[in-house]
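Inspection log for the structure reproduced underneath, given as C-alpha cells.
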2 protein chains.
Amino acid sequence: MAAKNVRARVRDVPGPCARWGDDDADFIREVLDLVGDKWSVLIIGTLADGPARYSELAAAIPGVSQRMLTLTLKHLQRYGLLARTAYPEVPPRVEYRLTVLGRSLLSTVLALAEWSADNHAEVRRNQEAFDGATAVD
Amino acid sequence: MAAKNVRARVRDVPGPCARWGDDDADFIREVLDLVGDKWSVLIIGTLADGPARYSELAAAIPGVSQRMLTLTLKHLQRYGLLARTAYPEVPPRVEYRLTVLGRSLLSTVLALAEWSADNHAEVRRNQEAFDGATAVD
DNA sequence: CCGGATCCAGTGGGATACTG
DNA sequence: CAGTATCCCACTGGATCCGG
C-alpha cells in the first residue's frame, strides 16, 4: 500500500501544494472516526492498565452517560480496539480490555495527550490574544 | 504542570481503574477540539511543506466547502497553529502557514495518520468480522 | 449489573448565493 | 480571489425509562 509513509510523501512534494490522495483523506477519516469523538480516548486511556468492568468505566470517566459509554464501547469493539468478555453469571459481569491493536493506538493517542498537556497554556494564550485582537479592532 | 506525563501516570496506577482527573479529560477535549474535526488534519498536513493560499488549500483538499475551509482555518488560527497573512493587493492574496506550534502538532498528527495507514486493513477486517458475527447469530 | 430504546436539543457540516 | 450569509438536514450526545 502506497500510503505507508504519509509523512515522507508530504514532505517530498516540491510544489507549494501537497495534494492529498483520496486514500489519505480516507485514512485520516478512519482514525478520526476512532478517536475523534468525545469519549473514545478516555476509555482507551482508562483501559490502558488492564481490563475493567462496565461500571468501573462509568465510574472512572466523569460525565459519561450510559448511552454514550455503551455506544462508544461497541464502536471501539467493532474496530477491534477493544475486546468484550461477558461472564454468564448472576449478576452479570462484563469485562472490557484493550486488544493489541488498541494498545498500539494507545501510545500514539497518549502522545497527543502529552502534546496537549505541554502546550495547552500556549494554546489558551493564543486564544485570548486572538479574541482580544478581533474584539479591539 | 502535573499532567506532563500522562502516560506514566496512567500506567503506574495499580488498581483496575485509572481514574481520570478532570484536568486530563480537559486536555483530551482540547486536543480533540483542535484535530478531532473533519478538516483540521487535512489542512495541517497540506500546510506541512510550506505556506499556501486559500484557493490552493481549497484545491488540495478534495471535498471541502468554502464554508468549512474558512471556518476551520479561523479555528486553527485562533488556537495559534496557523498564521494568516493578507497582502492588500488587487486581486487580494492571502497566505496561510503553520506556526511553530502547528509544526509541533504536525509530527504527532502524522504519527496518527501513519498508524491508520499501517492498520487500516486490520481495522476493516475487524469491522467485517464484527458485523458478520452479529448478523449471523 | 449491563445496556437497549426512545425522545429531544444542540451542532457539524453541505449547498448555494452574495460581497469587497 | 477570498471570503460571508443563509438555509437546512443529519448526526451527536444527554436524560430517562425499560428489559434481561
Side-chain angles (χ1 to χ4, degrees), chain A residues 16-17 22 25-26 28-30 32-43 46-47 51-79 82-97 130 134 137, chain B residues 16-17 25-26 28-29 32-43 46-47 51-79 82-97 130 133-135 137:
Chain A
C17 154
D22 290 355
D26 280 348
I28 304 289
R29 295 286 144 64
E30 211 172 85
L32 287 182
D33 202 35
L34 284 173
V35 302
D37 62 284
K38 205 172 175 185
W39 304 108
S40 294
V41 177
L42 282 312
I43 291 178
T46 304
L47 253 27
R53 304 181 52 173
Y54 182 89
S55 47
E56 288 172 340
L57 288 170
I61 300 172
V64 69
S65 64
Q66 290 190 346
R67 172 189 150 87
M68 287 318 296
L69 183 54
T70 301
L71 238 58
T72 311
L73 285 171
K74 214 182 276 183
H75 187 224
L76 294 174
Q77 187 193 354
R78 186 171 116 96
Y79 283 96
L82 240 60
R84 188 190 117 115
T85 316
Y87 300 90
E89 310 167 347
V90 205
R93 185 164 59 96
V94 182
E95 270 195 358
Y96 295 91
R97 59 187 213 81
F130 183 87
T134 51
D137 192 359
Chain B
C17 153
D26 280 350
I28 303 288
R29 296 286 145 65
L32 287 182
D33 202 36
L34 283 171
V35 301
D37 62 284
K38 205 173 175 184
W39 305 107
S40 294
V41 177
L42 283 310
I43 292 178
T46 304
L47 254 27
R53 304 179 54 170
Y54 182 90
S55 48
E56 287 171 341
L57 289 170
I61 300 171
V64 69
S65 63
Q66 289 191 342
R67 172 190 148 88
M68 287 319 296
L69 183 54
T70 302
L71 239 57
T72 311
L73 284 170
K74 218 181 273 183
H75 187 224
L76 293 174
Q77 188 194 354
R78 185 171 117 97
Y79 283 96
L82 240 60
R84 190 191 113 115
T85 316
Y87 300 90
E89 312 168 345
V90 206
R93 185 165 59 94
V94 181
E95 271 194 357
Y96 294 90
R97 59 188 217 80
F130 183 86
T134 51
D137 191 359

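Within every chain, numbering begins at 1; the chains are lettered A, B, ... in the order of the sequence lines, protein sequences first and strands thereafter.
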Protein-nucleotide distance ([X], atom [atom1]; [N], atom [atom2]), rounded to Å:
{"X": "B:His75", "N": "C:dT11", "atom1": "NE2", "atom2": "P", "value": "14 Å"}
{"X": "A:Leu57", "N": "C:dC1", "atom1": "CG", "atom2": "P", "value": "14 Å"}
{"X": "B:Leu32", "N": "D:dG13", "atom1": "CG", "atom2": "C1'", "value": "15 Å"}
{"X": "A:Leu69", "N": "C:dG4", "atom1": "CG", "atom2": "C1'", "value": "13 Å"}
{"X": "B:Glu95", "N": "D:dA2", "atom1": "CD", "atom2": "P", "value": "10 Å"}
{"X": "B:Arg84", "N": "D:dA2", "atom1": "CZ", "atom2": "P", "value": "10 Å"}
{"X": "B:Leu71", "N": "C:dG13", "atom1": "CG", "atom2": "C1'", "value": "9 Å"}
{"X": "A:Asp33", "N": "D:dC11", "atom1": "CG", "atom2": "C1'", "value": "12 Å"}

Nearest-neighbour nucleotide for the [X] side chain, [options] considered:
{"X": "B:Arg93", "options": "D:dG14, D:dA2, D:dG3", "result": "D:dA2"}
{"X": "B:Tyr54", "options": "C:dG13, D:dA2, D:dG14", "result": "D:dA2"}
{"X": "A:Pro91", "options": "C:dG4, C:dG14, C:dC1", "result": "C:dC1"}
{"X": "B:Lys74", "options": "C:dG13, D:dT4, D:dG14", "result": "D:dT4"}
{"X": "B:Val94", "options": "D:dG3, D:dC1, C:dG14", "result": "D:dG3"}

Look at all strands and tell whether A:Ser55 reaches a base, only sugar-phosphate, or nothing, counting heavy atoms closer than 4.0 Å.
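Result for A:Ser55 = sugar-phosphate.
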Students often get this wrong, so: under 4.0 angstrom with heavy atoms, is B:Arg53 touching a base, only sugar-phosphate, or nothing?
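Contact class for B:Arg53: sugar-phosphate only.
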Is any side-chain heavy atom of [X] less than 4.5 Å from a side-chain heavy atom of [Y]?
{"X": "A:Leu57", "Y": "A:Leu47", "answer": "yes"}
{"X": "A:Leu71", "Y": "A:Gln66", "answer": "no"}
{"X": "A:Ser40", "Y": "A:Leu34", "answer": "no"}

Charged tip of B:Arg29 within 45° of A:Trp39 ring normal and under 6.0 Å
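Verdict for A:Trp39: a cation-pi partner in B:Arg29.
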For A:Gln66 and B:Tyr96, take the nucleotide of DNA chain D holding the closest heavy atom to each; which residue's nucleotide lies nearer the 5' end?
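Closer to the 5' end of DNA chain D: B:Tyr96.
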Side chains of B:Tyr96 and B:Thr85: any donor to acceptor distance under 3.5 Å?
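No, B:Tyr96 and B:Thr85 have no side-chain donor paired with an acceptor closer than 3.5 Å.
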Between B:Gly63 and A:Leu73, which is nearer to the 5' end of DNA chain C once each is assigned its nearest nucleotide?
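The answer here is A:Leu73.
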